[in-house]
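In what follows, every chain begins at residue 1, and chains take the letters A, B, ... in the order their sequences are listed. Note that the structure is predicted; figures quoted are calculated from it, not measured.
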Amino acid sequence: MTTLDASVPRPAQRPASDRDNYLTHARGFLSWAFTLDHKRIGVMYLVSTLGAFLLGGLLAMLIRTELLTPGPTVIDADTYNNVFTLHGAIMIFLFLIPVIPAALGNFVLPLMLGAKDVAFPRMNLLSYWIYATGGIMLLGVLLTGGLDTGWTFYTPYSTTTNTSVGLATLAVFILGFGNIFTGVNFITTIHKLRLPGQTWSKLPLFIWAQYATSVIQILATPVLGITVLLIFIERVMGVGIFDPNLGGDPVLYQHFFWFYSHPAVYIMVLPAMGVISELISVFSRKPIFGYKAIAGSSLAIAIVGFFVWGHHMFTSGQSNLAGTIFSILTYAVAIPSAIKVFNWVATMYKGNIRLDAPMIYALSFLWLFGIGGLTGLFLGNLGVDLHLHDTYFVVAHFHYVMVGGTLAAFLGALHYWWPKMFGRMYNEPLARICAVLVFLGFNLTFFVQFIAGTKGMPRRYFNYLPEFTVYHQISSAGAFLTGLAFFIILYYLLVSLVRGRPAPANPWGGATLEWQTTSPPHPHNFPEPPVLTGPYEFSALVFDEEVGGYVLRPERAGGAPSGAEGHR
Amino acid sequence: MSHGAGAADLHHEERPELQHHFETPEQQFESGKFGMWVFLATEILLFGGLFCAYAVYRALHPEVFVYASLFLDRVLGGINTLVLICSSFTMAWGVRAAQLGQRRLLIVLLGLTILGGLGFMGIKYVEYEHKWKAGLLWGTHYRSQADGHALHHGDAGTEGHGVAPDGHAEPDGHASEPGAAAEQAAPDPRAGLPPAAAAALPPTVPVPEGRTFGDGENASLIPPAAVGPVGVRPPEPAEDDDDLARRLRNEPRNVHLFFGIYFTMTGLHALHVIVGMILIGYVMARAIRGDFGPRYFTPVDIVGLYWHLVDLIWIFLFPLLYLIE
Ligand SMILES: [Cu+2]
């Protein structure tokens, strides 16, 4: 390793055609279905989650079309209940929860650690197939009577409705195990498979965020599992644990459900925050400001996030004392979130900001997540929540966090790692236009919902009073604009796979290890051992005109740190 | 393996059990063990939800738990606890045997562990069967135990009881009470009331049908204290009444809640025992093939960890479900 000569061509400088990469290494359906390669599993997750996103998005368009006018517009009320339930369940369980951790995380995490794979590749493949099975079962409710409970499955309605709650809860139970296995895998990988010399303080912040996410996944998901299992056996066998007719307590269900589902919000948003830490730093060409504060705040969010579930139940007859405590704790979560935002802004300060598409998404994240987070404080306030509970204000709030936050970060991450995953550059000008369109369309859709909510428009309603018509129509227009932008994104990404310019190893100048291997990576990740640099040590990189991307400075490439000794 | 070169690959050729993405056997062993510990945290939270439900219902309905405790067989539960502890011991010894390369001993110990699991399941089956026949079940499947049919030994007694309101086998001495015969004959609404309550009512006062609480000796027009806001204490028992029979008759509402929790918790635990036995069977097959020795015993160790957790959960379930009063 120490003998590596600077004159030896590094992988980035070899022509793209003669390289063995993970996409071309083996061919055929079976080589994908039974692959143990974390990169291929990541791609399979990506395709599946995007399929779920497409379906959930089309359902969203149907909801917004229906709400163009008061009363029936295109579908009847029962169908509407099914549509918004499936929109929520598909988007949350099949898209938002797995999309960054399981799809992009699977691809990037071992690369960032300089590892050849995750710790348990077979379990990783199992997670994917569990996800696929659960996903098919969840979609199966479309054929077996629909689902009209809302994604929250509140009892006692969910145990008495004759729609397909049994299948849906079983699907959620199974999906949960996919998440748990991914979490176990990532935690073990981060602990045991780091490059020698890569200490905890040298981990990219995306890894820290993934670590915090995995901790939530392994600790919260089993509680959701047992909760939906109880609903399932209540429906199938008549166990009365949540049935007030049999002495059961339906509010206990809400406690169980939110004990998972509030932390689940962080399962969705923490990896997004990890992505943003990477993007802001790379596209400002400046080391991240407050590394330890950002890393620590991920863990703080993960921990405090376990103790705030009661803020969903201020109107469920919870005691005033409990309500007060949950309210205070909810305010407390705002602190680590704000720490992150301040550090990101400080990173950009006096940075050399480049407005590539990923960075535009990162900036939209700051704006949208800021609004989403701050409106969360309104809802965390006991008195204000009594007025806003179950109105469109809540709908707008969580879409700002989940769509504005997670989806914007996901799109940023997808554009950022696309060249690495598929070895092609996409149409950058078009991508920037779409990033702006998504931002505008999104705000148009959801900002008016805050106003409609404060004026008393209840969520989940099929019908509404005529004075709300203008809000709903603006909202629908925004949704159609966003939908259009998504189709353009899909179009240019697919085109790039065929006609895109071959990507260099490091097109953006990222200092994390995944940029040291070829694009797309070698089947075993690093044909030559990576050189350990700090995750935000941009001074070690220099732009190489010939390659069209960044390369390590010769003195860094030659002088490997002693820590890499003996690895591989 | 096409990647890399050098010392690490030599390792891989010598040691077929070393997977390609690990550098050293130690790294593989530590990763496996660490991963299992993380997974055990998940398992604890899975049962944690149920323990939480147990605590909530115990606090909300203490009388249900006290009443239900009459029907749990502590002897069988205790034997099962011992069986599991012994199987944990053979498992731990098995890990040691694998480390020392004692292949025959390892196979025997793993076999004994599986036997322990089977024994546990067998005893569990006996308990479940008794509860099934006695109607000690969840939700609407629960059958009132006020007549004590579940505790009358001899399984022949489980049929024909508790169905007809008057056909129940009263503990000794009640058939001869005055008015008992009249109770059986009279079809009027007063039939469900005990003689004392019926006598207290003037004959002209109509008793609304279906508005009595409890049946047999304890029937009353006024809901019992545990149910109604202004209830009455159940009438004092006759002096010759034995204590168990009185407790049985004072059946609170919603006893089925306990059995819902009981079957969910023990059922989920039994599922884990079955998974554990399958895993041990897999390890045993590999042990017979001669896979393990001082240099490689990771699967034995990891499956052992899982088995110990399954035991540990039972150690919590046993006192909570069997030893409460
Ligand atoms: Cu919440």
Side-chain angles (χ1 to χ4, degrees), chain A residues 20 25 36 38 110 115-123 177 180-181 183-185 187-189 191-193 196 214-215 217-227 229-230 233-234 237-241 243 246-249 252 255-256 259-260 522-529 566-568, chain B residues 1-9 19-24 26-54 56-57 60-61 64 137-142 252-261 263-265 267-268:
Chain A
D20 181 22
H25 187 62
L36 297 181
H38 69 99
K116 286 181 205 156
D117 209 317
V118 292
F120 310 114
R122 268 177 295 188
M123 195 161 86
F177 276 92
I180 289 170
F181 289 154
V184 169
N185 224 332
I187 291 180
T188 311
T189 309
H191 269 272
K192 299 291 178 191
L193 265 67
S214 302
V215 169
Q217 277 183 326
I218 61 152
L219 295 183
T221 314
V223 180
L224 176 76
I226 205 70
T227 310
L229 194 67
L230 285 173
I233 61 175
E234 180 144 347
M237 295 161 68
V239 179
I241 287 183
D243 183 354
L246 294 171
D249 184 0
L252 184 68
H255 279 289
F256 278 1
F259 181 84
Y260 165 77
H522 184 270
H524 293 288
N525 290 354
F526 295 96
E528 280 137 72
H567 190 70
R568 275 178 201 88
Chain B
M1 263 162 262
S2 60
H3 64 91
D9 265 10
Q19 290 175 294
H20 86 276
H21 58 289
F22 291 114
E23 300 309 321
T24 59
E26 291 72 40
Q27 190 187 27
Q28 176 168 339
F29 173 71
E30 280 177 18
S31 300
K33 207 157 173 178
F34 186 89
M36 183 46 96
W37 276 108
V38 175
F39 181 70
L40 295 189
T42 292
E43 290 280 9
I44 288 170
L45 266 290
L46 185 74
F47 279 93
L50 287 176
F51 281 118
C52 204
Y54 174 96
V56 168
Y57 286 110
L60 288 177
H61 306 288
V64 163
L137 296 170
W138 54 84
T140 46
H141 303 276
Y142 177 77
R253 295 212 311 171
N254 296 326
V255 178
H256 68 85
L257 277 176
F258 175 87
F259 290 99
I261 291 169
F263 277 101
T264 314
M265 291 183 101
L268 193 68

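- Atom-to-atom distance recorded for B:Trp37:CH2 and A:His191:NE2 is 14.5 Å, nearest 0.5 angstrom.
- Closest heavy-atom contact between B:Trp138 and A:Met237: NE1-O, 2.9 Å.
- The shortest non-hydrogen separation linking B:Glu30 to A:Lys192 is OE1-NZ, 3.5 Å.
- The choice from A:Leu224, A:Ile187, A:Thr189 that makes the most heavy-atom pairs within less than 4.5 Å of chain B is A:Ile187.
- Chain B forms more heavy-atom pairs under 4.5 Å with one residue of A:Asp117, A:Ile241, A:Val215 than with any other, namely A:Ile241.
- Proximity to chain B is limited to the side chain of A:Ile233, based on heavy atoms less than 4.5 angstrom apart.
- Using a 4.5 Å cut-off between heavy atoms, A:Asp243 makes no contact with chain B at all.
- Applying the side-chain contact (heavy atoms from CB on, under 4.5 Å) test between A:Leu219 and each of B:Ile44, B:Leu45, B:Val38 identifies B:Leu45 as the sole match.
- There is no contact between B:Leu137 and chain A, counting heavy-atom distances below 4.5 Å.
- Contacts with chain B were tallied for A:Leu229, A:Leu252, A:Leu36; A:Leu252 has the most, counting heavy-atom pairs under 4.5 Å.
- In this structure a side-chain-to-backbone donor-acceptor pair under 3.5 Å is present from B:His256 to A:Leu246.
- Nearest heavy atoms, B:Thr42 versus A:Ile218: OG1-O, 3.0 Å.
- When heavy atoms are compared at a cutoff of 4.5 Å, B:Tyr57 approaches chain A solely by way of its side chain, counted from C-beta outward.
- Side-chain contact between A:Leu193 and B:Phe22: present, with at least one pair of heavy atoms (C-beta onward) separated by less than 4.5 Å.
- For a residue to count as touching a neighbouring chain, one of its non-hydrogen atoms must lie under 4.5 Å from one of that chain's; by this rule B:Thr264 touches chain A with the side chain only.
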